[in-house]
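Read through the structure below, which is laid out as structure tokens, and then see the notes.
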Amino acid sequence: MAPLGAPTAYDVDRIRWHFPALHEGAAHFDGPGGSQVPDTVATAVVETLTSAISNRGTVTPAERRADRIVVEARAAMGDLLAVDPGGIVFGRSATELTFHLARTLSSDWGPGDEVVVSRLDHDANIRPWVLAAEARGATVRCAEFDQGTGELAPEAVAAVVGERTRLVAVTAASNLIGTRPDLPAIAGIAHAAGALLWVDGVHATAHVLTDVPASGADFWVCSPYKFLGPHHGVLAAAPALLETLHPAKLLPSSDAVPERFELGTLPYELLAGTTAAVDFLADLALTDPSRPRRDRLVASFAALEAHEDALLAALEARLRAIPGLTAYSNAQRRTPTLLVTVEGHDPQDLRVALAERGVNAPAGHFYAWEASHALGLGATGGLRMGLAPYTNADDVDRLATGLEEICAVAR
Ligand SMILES: Cc1ncc(COP(=O)(O)O)c(C=O)c1O
């Protein structure tokens with residue numbers, strides 16, 4: 001048995017076999033926008049929709065099924081994020097959960113209070129805080145990243161944190177350029193000022209093993225559709241912290257934690273799919289199935305990181321040799337997500353030319369609106385290429401060859 005965390009054999013052919021979408025033949029580099037889905041996830045969704053299902057309860061089998069699905073999905077997300085399942089909140093999307101909690105968390109902010117955001121972030125982790133601050137007369141301060149290195153230094157966060165800072169909102173990884181800030185250091189800065197740390201883990205959770213308590217985050221949001229699951233959002237926080245918060249809710253709906261934060265009836269079929277996605281991730285590296293799921297996730301993410309790092313190195317070596325190409329993904333620690341522009345080429349044209357070759361790599365700002373503007377790319381953005389658990393060497397070759405040809409032909 002491999003020691004926990006050690007890279008284990010990664011059989012990408014076996015993994016790809018589970019993705020019906022790949023049989024259509026495209027090479028997918030659009031994972032940061034939403035990954036493809038394994039058959040086991042689709043089956044779990046279908047089986048839920050075709051089984052007797054009711055609202056959660058204990059009397060009928062249909063009620064018990066709904067209840068079991070919710071409990072299992074909280075347990076799965078608890079294992080994925082290394083948190084107490086009792087602090088897992090489900091919602092429509094990470095954006096919606098952030099807006100919802102921003103309204104709740106800001107209810108006692110007032111003039112003089114401050115919230116810190118980062119210019120590296122997706123707008124889903126900027127605008128909800130800006131609007132919440134505006135509504136309360138509080139002040140927004142923005143931590144700047146280094147446009148050359150792509151780094152968001154803890155010092156840049158410290159520069160805008162003060163004694164009136166109530167909350168620091170920062171990304172675990174940029175969905176535009178992949179940068180992974182030093183979260184424990186940022187948590188130390190936020191907590192020393194008495195502020196809470198809200199982390200957008202939407203992009204990071206798909207690529208690196210998440211341990212929310214070790215990161216120092218008080219809140220972590222993510223979206224299963226980025227890590228092989230269905231389209232909904234997840235929030236994780238310590239149940240004791242959630243107990244102190246009182247969101248807007250219907251009078252008759254449960255006031256228990258975490259249900260207190262969940263608006264309306266949960267999407268049971270999607271939750272069943274999310275449990276299946278976490279199980280699939282846990283088996284990326286085929287370790288002993290009798291080991292606890294968290295242990296298998298640790299081994300699987302170590303193998304996934306090694307797989308993605310090797311492919312990224314091969315891809316970067318070829319792309320960075322293309323004349324006129326500028327790569328914006330330069331941070332020391334980053335996910336396998338590359339943003340580039342090529343002199344003389346509109347990113348949208350590159351995207352279309354790649355699509356004609358069966359290579360899916362989108363172009364744009366990807367809602368990292370502030371970051372795209374800070375990089376000088378405005379609303380146009382760049383060409384983004386993201387690796388996923390199903391990416392193989394052939395995909396990488398198709399992408400690199402495609403870009404080499406497009407850029408050479410057009411010259
Ligand atoms: C880093 C990041 N944060 C937030 C979001 C928004 O997630 P959701 O679609 O679940 O609201 C995205 C989506 O692309 C993202 O990449």
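We count ligands from 1, going down the list as the structure has it; atoms in each ligand are counted the same way. Basis for what follows: all heavy atoms, side chains included, without hydrogens, waters or symmetry-related copies.
Taking the six-membered ring for Trp and the full ring otherwise, the centers of Trp198 and Trp129 sit less than 6.0 Å from each other. The six-membered or imidazole ring of Phe19 lies near that of Phe280, with a centre-to-centre distance under 6.0 Å.
Using a 4.0 Å cut-off between heavy atoms, Ser223 contacts ligand 1 through its side chain alone, with no backbone atom that close. Only the side chain of Tyr225 comes within 4.0 Å of ligand 1, judged by heavy-atom distances. The backbone and the side chain of Thr95 each have at least one atom closer than 4.0 Å to an atom of ligand 1 (non-hydrogen atoms only).
If you check which protein heavy atom lies closest to atom 4 (C) of ligand 1, you get Asp200 OD2, 3.4 Å. Nearest protein heavy-atom neighbour of atom 16 (O) of ligand 1: Asn175 CB, 3.2 Å. Shortest contact from atom 15 (C) of ligand 1 to any protein heavy atom: His122 CD2, 3.2 Å.
At least one N/O-N/O distance between Lys226 and ligand 1 falls below 3.5 Å. Residue Ala94 places at least one N or O, backbone or side chain, under 3.5 Å from an N or O of ligand 1.
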Could you go through His232 and Ser223, starting from their C-alpha distance and side-chain angles, then the distance that decides it, and tell me whether this counts as side chain to side chain donor-acceptor pair (under 3.5 Å)? CA-CA 6 Å; His232 69 96; Ser223 309; over 6 Å; no
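With no hydrogens or angles considered, no side-chain donor-acceptor pair links Thr40 and His18 at under 3.5 Å. Checking Arg318 against Thr401 by side-chain atom types alone, a donor-acceptor pair falls below 3.5 Å.
Within 6.0 Å of the CZ atom in Arg92, the count of heavy atoms belonging to other residues, nucleotides or ligands does not exceed 12.
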